[in-house]
Amino acid sequence: MATTPLLACDALVHDPYGSHGPPIYQTSTFTFERTADAAAIFAGEKAGFVYTRIGNPTVAAWEKRVAELEGRDTGKEAVALAFSSGMGAISAAVMAAVSAGDHLVATEPLYGGTATLFSELLPRFGVKVTRVVDGDMPAVERAVREPRTKVVFIETPANPTLDIVDIRRAAEIAHAAQARLFVDNTFATPILQRPLALGADVVLHSSTKYLGGHGTVVGGVVVTADREFLAGPVQDMRKLLGAVASPFDAWLLYQGAKTLELRVLHASETARRLAAELAQHRMVGWVRYPGLADDPGHEVAERQMSGFGAMIAFGIRGGSEAGKVFMDALQVAVRAVSLGCTDTLVEHPASMTHSHLPAEERAKAGITEDLIRVSVGLESADELEKDILGALDWAEVAMNAPVGA
Ligand code: PLP
């Protein structure tokens with residue numbers, strides 16, 4: 001009888017043909033020489049593959065790779081499970097950690113889907129949720145005093161405001177209450193931030209974004225050094241909810257991760273330049289980019305990140321009307337939700353990614369009507385700056401034009 005449950009990656013062996021990359025095992029089921037082999041795998045006594053919803057060699061190769069990325073230089077041995085989306089990963093990991101009667105504390109803002117999971121789905125199953133604005137640590141400290149607090153959930157940098165939450169402090173507070181700290185690391189990637197090294201227990205990603213990096217896959221991952229938690233309740237949740245990554249998507253993600261560092265560093269450098277230019281523009285009321293020295297999150301970001309990333313939020317003067325004119329004038333950057341892609345993607349959260357949240361909830365989380373979110377891609381920095389600053393100039397002209405002109 002196995003004491004620690006097994007993960008699919010435990011069954012990985014060298015490909016007999018020496019294939020350089022992982023082959024795509026595009027199969028739903030696996031065959032057995034003898035019934036006893038199948039029985040041993042089903043009983044969790046032997047590592048192996050039986051059915052792709054439970055485990056698949058291509059998916060396991062991707063899981064091993066992403067665990068290496070998040071575990072690197074943390075002094076911890078990380079393990080990972082891949083899901084069919086970031087929401088699949090977040091929902092399964094959270095539901096694996098809480099039961100009816102438990103309490104979860106989450107900072108805000110968060111990605112809109114995660115916010116809705118906490119405000120609508122978890123309460124339907126008897127889980128109490130407390131939201132704390134702006135990474136206010138004394139408020140988190142008060143909130144975890146509630147009995148049966150099992151999870152503190154943070155997202156940093158946060159979507160879409162780029163708020164920064166102090167991971168080390170959040171971990172101390174969570175652990176003092178015997179709760180786990182969950183960190184959504186989608187915006188930073190393991191290239192710029194390793195939450196496990198800062199005390200986080202569970203790291204989550206929408207691998208749809210930087211990890212895949214080319215806008216071709218929807219996926220998610222759960223990474224942790226707590227093998228018992230991952231191989232037990234999280235793996236069970238994935239089996240039951242069925243939100244598993246497909247072999248082809250896992251293969252695309254594996255390819256994407258090969259250029260992760262190059263992409264993230266290049267886009268971050270362009271973003272650093274663009275944020276400084278935006279801060280000078282007459283049509284820009286405010287800019288949030290953790291790399292700007294006067295950004296409220298700069299000091300903490302400098303401590304916990306090795307770079308500031310490629311996401312920028314700014315407020316356009318003239319609100320959403322001016323925002324529409326600006327967005328429609330873009331010719332290099334594209335108007336699209338999602339982020340972390342080779343192309344620069346620009347969106348208006350109040351009418352797109354966060355539009356399903358009640359207006360008061362958006363306002364409380366700092367998601368104002370004038371907020372424009374930019375995910376900087378890999379275009380030439382000069383070309384991109386010209387496009388974005390030119391579109392702002394155009395919006396200025398259009399907003400000042402006399403009616404009917
Ligand atoms: N977490 C963050 C920070 C996100 O931005 C997103 C999606 O935009 C998600 C989670 C959800 O990921 P997915 O769309 O892959 O389900």
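Owing to the predicted nature of the structure, the values given are computational and were not obtained by experimental measurement. Atoms within a ligand are numbered from 1 in the order they appear, just like the ligands themselves.
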Protein contact of [atom] - nearest heavy atom, named by residue and atom, plus distance:
atom: atom 13 (P) of ligand 1; answer: G86 N, 3.4 Å
atom: atom 3 (C) of ligand 1; answer: D184 OD2, 3.5 Å
atom: atom 16 (O) of ligand 1; answer: M87 N, 2.8 Å
atom: atom 5 (O) of ligand 1; answer: N159 ND2, 2.9 Å
atom: atom 9 (C) of ligand 1; answer: Y111 CD2, 3.4 Å
atom: atom 15 (O) of ligand 1; answer: T208 OG1, 2.6 Å
atom: atom 7 (C) of ligand 1; answer: K209 NZ, 2.5 Å

Can you see whether T149 engages H103 through a side-chain donor-acceptor pair at a distance of less than 3.5 angstrom?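 A pair is found: one side chain offers a donor N or O, the other an acceptor, under 3.5 Å apart.
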Can you check whether Y25 and F49 have ring centres sitting under 6.0 Å from each other?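 Not under 6.0 Å, so no.
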Could you tell me if the ring centre of F314 sits under 6.0 Å from that of F326?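 They qualify: ring centres under 6.0 Å apart.
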Does the Lys NZ or Arg CZ of R272 fall within the cation-pi geometry relative to F308 - under 6.0 Å from the ring centre and within 45° of the axis?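 That pair does not qualify as a cation-pi contact.
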May I ask you to list the atoms of ligand 1 that are less than 4.0 angstrom from any heavy atom of G219?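 So the answer, numbered in order with elements, is 15 (O).
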Of all the heavy atoms in S338, does at least one lie under 4.0 Å from an atom in ligand 1?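 Contact check S338 vs ligand 1: negative.
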Could you tell me whether ligand 1 has any atom less than 4.0 Å away from a heavy atom of I90?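 Judged by the 4.0 Å heavy-atom criterion, I90 does count as contacting ligand 1.
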Under a 4.0 Å heavy-atom limit, does E155 contact ligand 1 with its side chain, its backbone, both, or neither?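 Side chain only.
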For ligand 1, the portion of L204 having any non-hydrogen atom under 4.0 Å away: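 For L204, no heavy atom sits under 4.0 Å from ligand 1.
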Can you measure from OG (S306) to CG (L265) and round to the nearest 0.5 angstrom?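 Answer for the OG-CG pair, S306 versus L265, is 7.5 Å.
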Presence of salt bridge, R227 and E77, under 4.0 angstrom: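 No, no charged N to carboxylate O under 4.0 Å.
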Are the side chain of T156 and the backbone of A158 linked by a donor-acceptor contact shorter than 3.5 Å?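 Checking the backbone N and O of A158 against the side chain of T156, no donor-acceptor pair under 3.5 Å is found.
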Least distance between heavy atoms, L371 atom then P349 atom: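 Result for this residue pair: O-CD, 3.3 Å.
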